[in-house]
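These numbers were taken from a predicted model, which means no experiment stands behind them. All values below were derived from every heavy atom in this structure, side-chain atoms included, with hydrogens, water molecules and symmetry-related copies excluded. We count residues from 1, following the sequence as given.
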Amino acid sequence: MGCCTGRCTLVFICTLQMLVALERQIFDFLGYQWAPILGNFLHIIVVILGLFGTIQYRPRYIVAYTIWTAFWVAWNVFIICFYLEVGGLSKDTDLMTFNISIHRSWWREHGPGCVWRLVPAPPSKNLGDHSFISVTGCIIEYQYLEVIHSAVQILLSLIGFVYACYVISVITDEEDSCRHK
């Protein structure tokens with residue numbers, strides 16, 4: 001097989017997807033974003049499955065990867081809508097933490113150029129160990145960083161979907177030609 005086959009390209013795309021998902025997983029862990037952590041974990045598992053299927057010529061595993069990419073694109077579209085507050089969604093809710101904490105995106109306080117300082121909480125608020133943080137000077141607001149992450153995930157998933165469909169057709173054609181000999 002040549003170096004630039006669809007199979008090699010799919011391995012490259014899956015590897016790139018895994019690296020991008022691991023990077024995103026790290027920052028979601030830092031922000032205690034439990035819903036994206038769970039989604040990223042499932043995504044990493046399915047991408048490994050897709051890699052295995054591609055390397056071992058297992059079209060059923062690649063089909064599972066292909067089906068997952070449709071769900072992954074839908075999830076990332078939801079995240080984009082969530083952070084851009086489309087359709088009644090609000091980025092200020094605890095939806096991404098399953099309503100078990102008041103944490104937000106890690107990028108909210110640690111984005112590029114952001115300067116943050118602690119602000120004393122008003123006496124009427126009982127925040128326990130938490131405090132108010134004022135963030136200023138961000139080069140790019142955190143919701144746009146989250147949207148960029150999701151857009152990259154969508155792009156890689158769509159490219160992976162196309163190559164996975166191609167690899168599946170090539171593998172099944174090779175199996176069919178071997179059966180008819």
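Separation of the Trp68 and Tyr65 ring centroids does not fall under the 6.0 Å cut-off.
Scanning all heavy atoms of the two residues, the minimum distance from Pro112 to Leu145 falls at CD-CD1, 3.5 Å. Taking both residues in full, the closest heavy atoms of Cys14 and Val47 are given as O-CG1, 3.3 Å, listed atom of the first, atom of the second, then distance. Of all non-hydrogen atoms in Gln25 and Pro36, the two that sit nearest each other are OE1-O, 4.0 Å. When all heavy atoms of Ala164 and Leu10 are compared, the closest pair comes out as CA-CD2, 3.8 Å. Tyr61 and Gly53 get closest at one heavy-atom pair: CB-CA, 3.7 Å. The heavy-atom pair separating Ile140 from Ile148 by the smallest distance is CD1-CD1, 3.8 Å.
Here OG1 of Thr9 is found 4.5 Å from OH of Tyr163. Values are rounded to the nearest 0.5 Å. Taking CD of Glu146 as the start and CZ of Arg24 as the end, the distance is 7.0 Å to the nearest 0.5 Å. In this structure, the separation between CD1 on Ile45 and CE on Met18 is 10.5 Å, given to the nearest 0.5 Å. Rounding to the nearest 0.5 Å gives a distance of 12.0 Å between CD1 of Ile159 and OG1 of Thr69. Taking CG of Leu155 as the start and CD1 of Ile13 as the end, the distance is 9.5 Å to the nearest 0.5 Å. Here Phe27 contributes atom CZ and Phe29 contributes atom CZ; the two are 13.5 Å apart, rounded to the nearest 0.5 Å.
Checked by atom type, the side-chain pair Glu23/His149 shows a donor-acceptor distance below 3.5 Å.
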Pair His43-Gln153, side chain to side chain contact (heavy atoms under 4.5 Å, CB included): steps then yes or no: CA-CA 10 Å; His43 181 63; Gln153 292 283 347; 3.8 Å; yes
Verdict with reasoning, Ile62 to Tyr57, per side chain to side chain contact (heavy atoms under 4.5 Å, CB included) | CA-CA 9 Å; Ile62 304 171; Tyr57 292 95; over 6 Å; no
Exercise for the section: Take Leu89 and Tyr83 through the test side chain to side chain contact (heavy atoms under 4.5 Å, CB included) and record every step on the way to the result. Expected result: CA-CA 8 Å; Leu89 295 169; Tyr83 282 108; over 6 Å; no
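Leu156 is not connected to Phe41 by any chain of hydrophobic side-chain contacts under 4.5 Å among Ile, Leu, Val, Met, Phe, Trp and Tyr, and they are in different clusters. Transitive grouping of hydrophobic side chains (ILVMFWY, heavy atoms separated by less than 4.5 Å) keeps Phe161 and Val11 in distinct clusters. Using a 4.5 Å cut-off between side-chain heavy atoms of Ile, Leu, Val, Met, Phe, Trp and Tyr, with links allowed through other members, Leu158 and Leu51 fall into the same hydrophobic cluster. Residues Ile168 and Phe52 do not share a hydrophobic cluster, clusters being chains of Ile/Leu/Val/Met/Phe/Trp/Tyr side chains in contact below 4.5 Å. Clustering ILVMFWY residues whenever any of their side-chain heavy atoms sit less than 4.5 angstrom apart, transitively, puts Ile67 in a cluster other than the one holding Val162.
In this structure, the side chains of Thr5 and Val170 stay at 4.5 Å or more apart for every pair of heavy atoms. For the pair Thr15 and Phe12, the minimum side-chain heavy-atom distance is 4.5 Å or more.
Listed for the Arg7 side chain is a donor-acceptor partner under 3.5 Å among the backbone atoms of Thr54. A donor-acceptor pair under 3.5 Å is formed between the side chain of Ser169 and the backbone N or O of Tyr166.
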